[in-house]
Amino acid sequence: MGFNLSPDKITLRQPDDWHVHFRDGAMLGSVVAPTARVFRRAIVMPNLSPPITCIKAATNYRERIMQAVPEGIPFTPLMTAYLTDDLLPEVLEKGYRDGVFAAAKLYPANSTTNSAMGVSDMGSIYSTFETMERIGMPLLIHGEVTDKDVDIFDREAVFIERHLEPLLKSYPDLRVVLEHITTEHAVQFVEASGSLIAATITPHHLHINRNAMFSGGLRSDFYCLPVAKREHHRLALRRAATSGKPCFFLGTDSAPHPRSSKESSCGCAGIFSAPFALESYAEVFDQEGALDRLEAFASEFGPIFYGLPLNSDSITLKRHKHVVPDTFTSSQPITPDQGLIPFHARESLSWRVVENG
Ligand code: NCD
Ligand code: ZN
């Protein structure tokens with residue numbers, strides 16, 4: 001009540017990122033810091049090569065992530081298991097009960113980066129869904145079909161119809177996050193589902209439509225999966241994110257790739273949004289006159305869905321126009337030819353994170 005809709009400063013409960021890719025090795029050393037400086041927790045994607053398919057791999061990876069967190073910064077990585085055709089439900093159950101796995105991630109085989117070992121037939125892992133439903137473990141879904149005869153811009157909508165609807169009918173108590181939604185169909189589907197179904201929304205899908213990939217040439221920096229869609233879908237996502245509905249919450253899908261992998265004849269999908277992610281969301285909420293709803297989207301609806309406590313620290317953003325650098329600089333630089341391009345490179349943003357705590 002009485003929230004000033006064009007304040008110069010906003011203080012939020014510290015947010016969490018419910019979908020991030022940290023990679024491994026030298027890249028991991030560089031990309032954890034920008035997330036940990038702003039977000040208190042993050043759901044870490046398991047699509048490494050090889051993927052995280054057992055408890056030991058998850059605890060080792062969590063250890064490597066913690067080594068990359070700058071000193072003195074409290075940060076908790078929440079680990080996920082990568083579902084394959086033959087990952088045993090008992091492993092998931094043990095990992096979840098032991099507090100190692102916060103959730104399991106379903107990549108339809110060959111849907112995106114490092115998903116070749118993903119699930120080739122959802123029908124064959126129904127005992128896994130049964131276990132997850134019974135223990136209340138969230139299922140995180142990359143919701144796209146992979147059939148070559150389905151147009152790439154329709155793959156999310158077709159996945160919902162062909163796979164998600166039947167899955168939820170069979171397992172009505174399964175907790176599902178439809179990750180990085182990109183279409184009006186997904187928005188409507190999630191809104192119409194019960195409180196066990198939620199969706200994450202990325203900053204890039206709130207800012208760009210599919211034209212961005214072709215503006216003035218082929219712009220691989222804007223290529224990600226699911227691919228950005230038409231303008232009316234972007235507008236539906238902006239309405240959803242700023243709606244104040246608890247089924248939509250923050251997940252950046254920050255997905256760094258070395259420059260050489262983005263700028264190649266077969267470039268990788270993924271947008272590195274971590275460095276200015278909260279600023280990017282703030283821009284959208286400000287433009288939509290909904291800054292008063294940013295805190296719930298960024299800091300409340302995610303933990304409520306996952307059944308975790310809300311963070312107690314706060315973070316402040318100030319209205320301050322600044323230009324995003326054209327490359328990401330890290331205190332632990334990865335080799336120069338791996339230079340990472342942050343989302344919004346060379347664009348100006350109106351908000352800046354100023355303090356933590
Ligand atoms: C992600 C990646 O690079 O790991 N890429 C992407 O475009 N989002 C994988 C994913 O989340 O689809
Ligand atoms: Zn992702």
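Just so we're clear, the structure is a prediction, and the values are computed from it rather than from any experiment. Counting from 1, the numbers follow the sequence of the chain as shown. Just so you know, ligand 1 is whichever comes first in the structure, and atom 1 is the first atom listed for that ligand.
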Undergrad: Using heavy-atom distances, let me know which of R23, H19, E144, H204 sits nearest atom 2 (C) of ligand 1.
TA: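 Of the listed residues, R23 has the closest heavy atom.
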Undergrad: Verify the distance test for H19 against the Zn ion (ligand 2): any N/O/S atom under 2.8 Å, yes or no.
TA: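 A backbone or side-chain N, O or S atom of H19 is under 2.8 Å from the Zn ion (ligand 2).
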Undergrad: Give a yes or no on whether E179 keeps an N, O or S atom under 2.8 Å from the Zn ion (ligand 2).
TA: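 Given the 2.8 Å cut-off, E179 does not count as a ligand of the Zn ion (ligand 2).
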Undergrad: Keeping the roles fixed (side chain from Y82, backbone from G118), state whether a donor-acceptor pair exists under 3.5 Å.
TA: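 Yes; at least one donor-acceptor contact below 3.5 Å.
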Undergrad: Is there a chain of hydrophobic side chains (I, L, V, M, F, W, Y, each step under 4.5 Å between heavy atoms) that links F153 to V145?
TA: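 They do not share one cluster, since no chain of ILVMFWY contacts under 4.5 Å joins F153 to V145.
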Undergrad: Please check whether A269 reaches ligand 1 - meaning an N/O of the residue sits under 3.5 Å from an N/O of the ligand, judged on distance alone.
TA: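 Yes; the residue has a nitrogen or oxygen that sits under 3.5 Å from a nitrogen or oxygen of the ligand.
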Undergrad: Would you kindly specify which portion of H257 sits under 4.0 Å from ligand 1, judged on non-hydrogen atoms: side chain, backbone, both or neither?
TA: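 The answer is the side chain.
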Undergrad: Salt bridge or not between E93 and R134? Use side-chain N to carboxylate O under 4.0 Å.
TA: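 Yes.
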Undergrad: Any atoms of ligand 1 less than 4.0 Å from a non-hydrogen atom of C224? List them with their elements.
TA: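 Within the 4.0 Å cut-off of C224, ligand 1 contributes 7 (O).
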Undergrad: Is the number of heavy atoms from other residues, nucleotides or ligands within 6.0 Å of CD (E161) greater than 12?
TA: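 Atom CD in E161 is not crowded, with 12 or fewer foreign heavy atoms closer than 6.0 Å.
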Undergrad: Report yes if K105 has an N/O atom closer than 3.5 Å to an N/O atom of ligand 1; otherwise report no.
TA: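 No: no nitrogen or oxygen of K105 is under 3.5 Å from one in ligand 1.
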Undergrad: Side chains of L139 and Y171, heavy atoms from C-beta outward: is any pair under 4.5 Å?
TA: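 Side chain of L139 against side chain of Y171, heavy atoms only: no contact under 4.5 Å found.
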Undergrad: Which atoms of ligand 1 sit under 4.0 Å from any heavy atom of H142?
TA: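 Ligand 1 atoms under the 4.0 Å threshold to H142: 12 (O).
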Undergrad: Taking only heavy atoms of T113, which atoms of ligand 1 are found under 4.0 Å from at least one of them?
TA: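 Ligand 1 atoms under the 4.0 Å threshold to T113: 2 (C), 3 (O), 4 (O), 5 (N).
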Undergrad: Identify, by name, the N, O or S atom of D253 lying closest to the Zn ion (ligand 2).
TA: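 Closest to the Zn ion (ligand 2) among those atoms: OD1.
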Undergrad: Can you pull out the closest protein heavy atom to atom 10 (C) of ligand 1? Residue, atom name and distance to 0.1 Å, please.
TA: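 The answer is T112 OG1, 3.4 Å.
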Undergrad: Tell me whether F249 is reachable from F285 by hopping between hydrophobic residues (I, L, V, M, F, W, Y) whose side-chain heavy atoms are closer than 4.5 Å.
TA: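 Each belongs to a different hydrophobic cluster.
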Undergrad: Give a yes or no on whether a salt bridge exists between D221 and R346, defined as a side-chain N under 4.0 angstrom from a carboxylate O.
TA: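 Result for this pair is no, no salt bridge flagged.
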Undergrad: Backbone or side chain, does any N or O of D253 fall under 3.5 Å from an N or O of ligand 1?
TA: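 Yes, since at least one N or O of D253 sits under 3.5 Å from an N or O of ligand 1.
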Undergrad: Using the rule that Ile, Leu, Val, Met, Phe, Trp and Tyr join whenever any side-chain heavy atoms are under 4.5 Å apart, tell me whether L206 and L235 fall into a single cluster.
TA: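 Unlinked, L206 and L235 end up in two clusters.
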Undergrad: Starting from atom 1 (C) of ligand 1, which protein heavy atom do you reach first, and at what distance in Å?
TA: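 That would be H21 NE2, 3.6 Å.
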Undergrad: How about H21: does one of its N, O or S atoms come closer than 2.8 Å to the Zn ion (ligand 2)?
TA: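 Yes, within the cut-off.
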Undergrad: Hydrophobic clusters here meaning ILVMFWY residues chained together by side-chain heavy-atom distances under 4.5 Å, can you tell me if L196 and W18 are in one?
TA: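 L196 does not cluster with W18.
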Undergrad: For R62, I'd like to know if atom CZ has over 12 heavy atoms of other residues, nucleotides or ligands within 6.0 Å.
TA: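 Atom CZ in R62 is packed in, count exceeds 12.
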Undergrad: Give the numbers and elements of all ligand 1 atoms closer than 4.0 Å to a heavy atom of G270.
TA: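 Those atoms are 5 (N), 6 (C), 7 (O).
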Undergrad: Under a single-linkage definition using a 4.5 Å side-chain heavy-atom cutoff for Ile, Leu, Val, Met, Phe, Trp and Tyr, are I52 and Y96 assigned to the same hydrophobic cluster?
TA: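 Yes, same cluster.
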Undergrad: Would you kindly specify which portion of N47 sits under 4.0 Å from ligand 1, judged on non-hydrogen atoms: side chain, backbone, both or neither?
TA: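 The part of N47 near ligand 1 is the side chain, not the backbone.
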Undergrad: How far is atom 7 (O) of ligand 1 from its nearest protein heavy atom, and which residue and atom is that?
TA: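 Atom 7 (O) of ligand 1 sits closest to the protein heavy atom L225 N, 2.7 Å.
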Undergrad: For ligand 1, which is the ligand I care about here, please tell me if A255 has any N or O atom under 3.5 Å from one of the ligand's N or O atoms.
TA: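 No, since none of the N or O atoms of A255 sits under 3.5 Å from an N or O of ligand 1.
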Undergrad: Give the table of side-chain donor-acceptor pairs shorter than 3.5 Å for residues 85-92, with sequence neighbours excluded, one pair per line with atom names and distance.
TA:
residue	atom	partner	partner atom	Å
D85	OD1	S120	N	2.9
D85	OD1	S120	OG	3.3
D85	OD2	S120	OG	2.4

Undergrad: Hey, is M45 one of the residues with a heavy atom under 4.0 angstrom from ligand 1?
TA: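 In this structure, M45 fails to qualify as a contact of ligand 1 - no heavy atom is under 4.0 Å.
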